[in-house]
Engineer: 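Below you will find the structure I want to go over with you.
Counting starts at 1 for both ligands and their atoms, following the listed order.
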Amino acid sequence: MPILSDTIDKLIIAIVQSYDTDKVVEALSKAGHSSTKISTTGGFLREGNTTLLIGTEASYVDEILAILKQKTHSRTSYLNPMPSIIEPTMHLMLNPVEILVGGATVFIVDIDRFARY
Ligand code: 2BA
């Protein structure tokens, strides 16, 4: 059932890895949920990811979280440690650090008012 504008009282902000984005957006759309994609960059890895804005009503939040869980996956990424300024040759001895990234980092916030003009 389509969600009416005046019943939108929650905003889900979901940061997902770019490779999962299309699957998530498609599944949301199929289930009748609107979303907006923003291309973003993680502050730690400095790699591209996607932030989805999903306005919805409170009763749909769990359904949307289930879609996010189902359609995103954690993956291992590697971070090359910064070379030492003092010892410029040190970086040759440093191994990449393994980091687990994703599936979805989610913030759920209350909406005071929603309007579309
Ligand atoms: P990034 O900031 O690029 O972080 C990528 C991954 O690096 C994180 O995965 C985490 O495993 C690791 N990481 C981040 N900060 C770290 C630190 N200070 N020390 C050690 N490891 C660290 P996720 O936790 O899955 O986060 C994926 C992306 O979600 C992040 O990309 C960032 O764009 C966003 N994010 C995560 N937590 C956030 C928060 N509290 N506020 C805003 N955005 C957040």
Engineer: Determine whether the side chain, the backbone, both or neither of Leu45 has a heavy atom under 4.0 Å from any heavy atom of ligand 1.
Structural biologist: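 Both the backbone and the side chain of Leu45 come within reach of ligand 1.
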
Engineer: Would you compute the distance between atom CD1 of Ile67 and atom CD1 of Ile54 and round it to the nearest 0.5 angstrom?
Structural biologist: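 Going from the CD1 atom of Ile67 to the CD1 atom of Ile54 covers 8.5 Å.
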
Engineer: In terms of residue, atom name and distance, what is the protein heavy atom nearest to atom 25 (O) of ligand 1?
Structural biologist: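 The closest heavy atom on the protein side is Gly102 N, 2.8 Å.
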
Engineer: Which residue supplies the protein heavy atom nearest to atom 31 (O) of ligand 1, what is that atom called, and how far is it?
Structural biologist: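 Scanning the protein heavy atoms, the shortest distance from atom 31 (O) of ligand 1 goes to Gly42 CA, 3.5 Å.
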
Engineer: Among all protein heavy atoms in this structure, tell me which lies nearest to atom 34 (C) of ligand 1, with the distance rounded to 0.1 Å.
Structural biologist: Ile15 CD1, 3.6 Å

Engineer: Could you check atom 6 (C) of ligand 1 against the protein and tell me its nearest heavy-atom contact, residue, atom and distance included?
Structural biologist: Ile99 CG2, 3.8 Å

Engineer: Which residue owns the protein heavy atom closest to atom 9 (O) of ligand 1, what's the atom, and how far is it?
Structural biologist: Leu100 O, 3.6 Å

Engineer: Does an N or O anywhere in Asn49 fall below 3.5 Å from an N or O of ligand 1?
Structural biologist: yes

Engineer: What is the closest protein heavy atom to atom 26 (O) of ligand 1, and at what distance does it sit?
Structural biologist: Thr105 OG1, 3.7 Å

Engineer: Testing Ile108, Ile8, Val61 one by one against Thr56 for a side-chain contact (heavy atoms from CB on, under 4.5 Å), which residue passes?
Structural biologist: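 Only match with Thr56 under side-chain contact (heavy atoms from CB on, under 4.5 Å): Val61.
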
Engineer: Between Phe44 and ligand 1, does any nitrogen or oxygen pair lie at a separation below 3.5 Å?
Structural biologist: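 Between Phe44 and ligand 1 (N or O atoms, distance only) the closest approach is under 3.5 Å.
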
Engineer: Pick one of side chain, backbone, both or neither for how Thr40 approaches ligand 1, counting any non-hydrogen atom pair under 4.0 Å.
Structural biologist: neither

Engineer: Roughly how far, to the nearest 0.5 Å, is NE2 of His33 from CG of Leu28?
Structural biologist: 6.5 Å

Engineer: Could you tell me the residue and atom name of the protein heavy atom closest to atom 42 (C) of ligand 1, and the distance to it rounded to 0.1 Å?
Structural biologist: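 Answer, as residue, atom name and distance: Phe107 CZ, 3.8 Å.
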
Engineer: Once rounded to the nearest 0.5 Å, what's the spacing between atom CG of Leu52 and atom CD1 of Ile12?
Structural biologist: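 The distance works out to 10.0 Å.
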
Engineer: Can you measure from CZ (Phe44) to CD1 (Ile99) and round to the nearest 0.5 angstrom?
Structural biologist: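 Phe44 CZ to Ile99 CD1: 4.5 Å, rounded to 0.5 Å.
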
Engineer: Show every side chain to side chain donor-acceptor pair (under 3.5 Å) that has at least one partner inside residues 9-21, sequence neighbours left out.
Structural biologist: Lys10-Asp110, Asp20-Lys23, Asp20-Arg75, Thr21-Thr50

Engineer: Is Phe114 close to Thr7 at the side-chain level, that is, under 4.5 Å between some pair of heavy atoms?
Structural biologist: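 A side-chain contact is absent here, since even the closest heavy-atom pair is not under 4.5 Å.
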
Engineer: Are the side chain of Ser29 and the backbone N or O of Val25 linked by a donor-acceptor pair below 3.5 Å?
Structural biologist: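 It does not hold such a pair.
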
